[in-house]
Amino acid sequence: MANSALEIVGLLLTLVGLIGAAASTGMPMWRVTAFIGENIIVMETRWEGLWMNCFRQANIRMQCKVYDSLLALSPDLQAARGLMCCSVALGGLGLLISLVGLQCTSCIQNNDRAKRLVLIIAGSMIIMSCICVIIPVSWTGHVIIRDFYNPLLIDAQRRELGEALYIGWVSAAFLFAGGCMFICCNLQSEDRKSDRYMYSRNSQYMVYPPQQLQPQQLVLPPQPQPQPYLSRQPSTNYSYHSRYPSVRSGVAYL
């Protein structure tokens, strides 16, 4: 029961992390214009994402333009495209595989070892998805911070961390927690047998009529018979009869 609850919690954490990773992939808020120094044009905001650039002036509608060439992007954004897509694919596939191995599902019956193996594989894929999220998000954040403190760049060229980076970091944490729950709850020794008993729905059951118990007679072991013996002391034990007079009787007669 405890493992079933932990598996459901891991499934929910993985689902939240997958949604966050997909949202971070599509959002254009990876780099945001920094309003510092002489850059006092606060009425215009510029966002740079993995797929497009967006401009917004004086709280009017946002205008976005898709990148014309992939090679024109910086190396961190080029790598982020591929890694984020791999993350979403691995997370979604791991989530679907985990549904097969849950204890509350009947996709695999009467085979606990196969269910544990399926969940371990699903957890490994989810952790790989977490790694694919944390690498591009951290790389892009490092480039933004490095350029922000670069004295060779003017203030108009400096950028700040966007909302998509924070969503990516939180999503990676959720994916890591979900994958660890799937793996840790199912790592058991092969020699250790499960305490759960699986019953097949298709098995044939036979009903036996009730039978009355017959009283059993108490059988006692045979008791040893007392043996006669001679004694110098007078005895009053006359529990047996003899055809021949005893020596004691003769002595008494004399």
Validation row: S124, I183 side chains within 4.5 angstrom (heavy atoms): yes

Are F176 and M84 co-members of a hydrophobic cluster defined by side-chain heavy atoms under 4.5 Å apart? no

Would you say I126 ends up clustered with L18 if hydrophobic residues are merged whenever their side chains have heavy atoms under 4.5 Å apart, either directly or through other cluster members? yes

NZ/NE/NH1/NH2 to OD/OE distance under 4.0 Å, E48 and R159: yes

For V137 and G168, which heavy atoms make the closest approach, and how far apart are they? CG2-CA, 4.1 Å

Quick one, F182 and L102 - any side-chain contact, counting heavy atoms below 4.5 Å? yes

Compare all side-chain heavy atoms of E163 with those of W30 and state whether any distance is below 4.5 angstrom. no

Quick one: does L12's side chain get under 4.5 Å of V16's, heavy atoms only? no

Looking only at non-hydrogen atoms, find the nearest pair between G10 and M181 and report the distance. N-SD, 3.7 Å

Identify all side-chain donor-acceptor contacts of residues 85-97 below 3.5 Å with residues at least two apart in sequence or on another chain.
from: S87; atom 1: OG; to: S129; atom 2: O; distance (Å): 3.0
from: S87; atom 1: OG; to: S129; atom 2: OG; distance (Å): 3.0

N53 versus W47: any side-chain heavy-atom pair under 4.5 Å? no

Within a radius of less than 6.0 Å around CE of M128, do more than 12 heavy atoms belonging to other residues, nucleotides or ligands occur? no

Do W51 and L77 belong to the same hydrophobic cluster, where Ile, Leu, Val, Met, Phe, Trp and Tyr are linked whenever their side-chain heavy atoms lie under 4.5 Å apart, directly or via other members? yes

Please round to the nearest 0.5 Å and tell me the distance separating atom CG of L175 and atom CG of L13. 9.5 Å

Least distance between heavy atoms, L83 atom then I135 atom: CD1-CG2, 3.7 Å

Do you know which two heavy atoms are closest between W169 and S138, and how far apart they sit? NE1-OG, 3.3 Å

The reported gap from CZ in R81 to OG1 in T25 (rounded to nearest 0.5 angstrom) is 11.5 Å

Considering all heavy atoms, the nearest V66-M52 contact: CA-CB, 3.9 Å

Do L165 and M29 have side chains that get closer than 4.5 Å, going by heavy atoms? no

Going hydrophobic residue to hydrophobic residue with side-chain gaps under 4.5 angstrom, can you get from L117 over to V100? yes

Count I, L, V, M, F, W, Y as connected when their side-chain heavy atoms are under 4.5 Å apart, and connections chain through other members. Are L161 and W139 then in the same cluster? no

Just to verify, what does C64 make a disulfide (SG to SG under 2.5 Å) with, not counting sequence neighbours? C54

Checking the side chain of T33 only, and the main-chain atoms of R46 only, is there a donor and an acceptor separated by less than 3.5 Å? yes

Whether Y67 side chain and L50 backbone form a donor-acceptor pair below 3.5 Å: no

Is there a donor-acceptor pair closer than 3.5 Å between any side-chain N or O of S24 and the backbone N or O of G20? no

Do D147 and R31 sit within salt-bridge range, that is, some charged N less than 4.0 Å from a carboxylate O? no

Closest non-hydrogen atom pair, S98 against L11: OG-CD1, 3.6 Å

